[in-house]
Participant: 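Structure provided below as structure tokens; questions to follow.
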Amino acid sequence: VVATAGGFMLAYLAVAFLVFPSGVVPRDEEVPSVVGLLYDDAEQELIRKGFRPERGETRFHGTAPRMTVLEQNPPPGSRELVGARVTLAVSGGQQMGTIPTVVGMTREQAEVVLETAGFSVGEIIEQVSQQPRGEVVETRPAAGSQAPMPTPVTLVLSGGPSVLRVPDLVGRSLGEARRLLEQIGLGVGD
């Protein structure tokens, strides 16, 4: 009886492993690469290969469109059991922010405010203005506008009022005085 039962059991296992291996031994598959696909397409591809897709974290990304798969775990090419979970990190798209108001601040104050808001400081331009020298008179893009983060913001600083030193013209001829004034960018009045 023991020999018959053992023989029957041995025959059953031989048939189970050799004829129907997928029913007894769990099989593994190579995890496909779905990075760069839209989440819905990646989900379908993973299901087709026998895996269970799971949505992971959402990250803002400057170049990846919204709902594009940025990363997967386990990584592509690894071998996992059929039915294993594959976690997908997706793009939330480009993060937008509002340019803060920094007009009237010093350059240093404006840089701190911009960086705290998630923007970077771009070009620094100086222009003639009636405001004190070094004070921010404008930003590009303008304060209050929406811009992708971390867009560089150009700061326009006051160079102070435009002041010219008028040369001493006393004792000079009218022609010579006119020529001296024109050389520094002034014209002759009355």
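Basis for what follows: all heavy atoms, side chains included, without hydrogens, waters or symmetry-related copies.
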Participant: In Å, rounded to the nearest 0.5 Å, how long is the span from OG1 of Thr68 to CG of Leu37?
Facilitator: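 Thr68 atom OG1 to Leu37 atom CG measures 9.0 Å (nearest 0.5 Å).
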
Participant: Looking at Met149 and Ala117, what are the two nearest heavy atoms and their distance?
Facilitator: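 Reported closest heavy-atom pair: CE-O, 3.1 Å.
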
Participant: State, with a plain yes or no, whether a side-chain heavy atom of Val31 is found less than 4.5 Å away from one of Pro75.
Facilitator: no

Participant: How far does CD of Gln94 sit from OG1 of Thr151, to the nearest 0.5 angstrom?
Facilitator: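 Taking CD in Gln94 and OG1 in Thr151, the distance rounds to 7.0 Å.
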
Participant: Looking at Glu43 and Pro53, what are the two nearest heavy atoms and their distance?
Facilitator: CG-CG, 3.4 Å

Participant: One pair to check against side chain to side chain contact (heavy atoms under 4.5 Å, CB included): Leu155 and Thr139. What are the steps and the verdict?
Facilitator: CA-CA 5 Å; Leu155 293 176; Thr139 59; 3.9 Å; yes

Participant: Do you see a donor-acceptor pair shorter than 3.5 Å between the side chains of Thr98 and Gln146?
Facilitator: yes

Participant: Say you draw a straight line from CD of Glu80 to NZ of Lys49; how long is it, rounded to the nearest 0.5 Å?
Facilitator: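 Between Glu80 CD and Lys49 NZ, I get 14.5 Å after rounding to 0.5 Å.
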
Participant: Would you say the side chain of Val34 lies within less than 4.5 Å of the side chain of Pro76, judging by non-hydrogen atoms?
Facilitator: no

Participant: Of Leu88, Thr87, Val90, Val69, which is the lone residue that meets side-chain contact (heavy atoms from CB on, under 4.5 Å) with Arg55?
Facilitator: Val90

Participant: Restricting to pairs with a member in residues 137-152, which pass salt bridge (charged side-chain N to carboxylate O under 4.0 Å, His left out), not counting sequence neighbours?
Facilitator: Glu138-Arg140

Participant: Given the rule that I, L, V, M, F, W and Y join up when any side-chain heavy atoms are under 4.5 Å apart, are Leu46 and Leu38 in one cluster?
Facilitator: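 No, Leu46 does not connect to Leu38 through the hydrophobic network.
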
Participant: Nearest 0.5 Å, what's the CD-OG distance between Glu29 and Ser78?
Facilitator: 11.5 Å

Participant: Tell me if a side-chain donor or acceptor on Arg133 pairs with a main-chain N or O of Gly159 at a distance below 3.5 Å.
Facilitator: yes

Participant: Taking salt bridge (charged side-chain N to carboxylate O under 4.0 Å, His left out) as the cut-off, I'd like each qualifying pair that reaches into residues 81-100, sequence neighbours left out, listed once.
Facilitator: Glu54-Arg85

Participant: Under a single-linkage definition using a 4.5 Å side-chain heavy-atom cutoff for Ile, Leu, Val, Met, Phe, Trp and Tyr, are Leu174 and Leu181 assigned to the same hydrophobic cluster?
Facilitator: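 Leu174 and Leu181: separate clusters.
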
Participant: Please round to the nearest 0.5 Å and tell me the distance separating atom OG of Ser173 and atom CZ of Arg179.
Facilitator: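 Ser173 atom OG to Arg179 atom CZ measures 7.5 Å (nearest 0.5 Å).
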
Participant: Quick one: closest heavy-atom pair of Arg178 and Val188, and the distance?
Facilitator: CG-CG2, 3.6 Å

Participant: With rounding to the nearest 0.5 angstrom, report the CD to OG distance, Glu71 to Ser91.
Facilitator: 12.5 Å

Participant: State, to 0.1 Å, how close Arg79 and Asp28 come at their nearest heavy-atom pair, and which atoms those are.
Facilitator: NH2-O, 3.3 Å

Participant: Please report the closest heavy-atom contact between Ile99 and Ala147, naming both atoms and the distance.
Facilitator: CD1-CB, 3.9 Å

Participant: State whether the number of non-hydrogen atoms from other residues, nucleotides or ligands found under 6.0 Å of Arg66 atom CZ is greater than 12.
Facilitator: no

Participant: Over all heavy atoms of both residues, which pair between Ala110 and Val136 is shortest? Give the atoms and the distance, please.
Facilitator: CB-CG2, 3.8 Å

Participant: Side-chain heavy atoms nearer than 4.5 Å, only ILVMFWY residues, links allowed to pass through others: does that put Val156 and Val121 together?
Facilitator: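 Looking at the clustering, Val121 is in a separate group from Val156.
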
Participant: Answer with yes or no whether the hydrophobic clustering places Val113 together with Val153; edges join I, L, V, M, F, W, Y residues whose side-chain heavy atoms lie under 4.5 Å apart.
Facilitator: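 Yes, Val113 and Val153 fall within the same hydrophobic cluster.
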
Participant: Looking at Pro32, is its backbone amide N or carbonyl O close enough to the side chain of Gln72 to form a donor-acceptor pair, meaning the two atoms are under 3.5 Å apart?
Facilitator: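 Answer holds: yes.
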
Participant: Would you say Leu114 ends up clustered with Ile124 if hydrophobic residues are merged whenever their side chains have heavy atoms under 4.5 Å apart, either directly or through other cluster members?
Facilitator: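 Yes, it is one cluster - the side chains of Ile124 and Leu114 are joined through contacts under 4.5 Å.
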
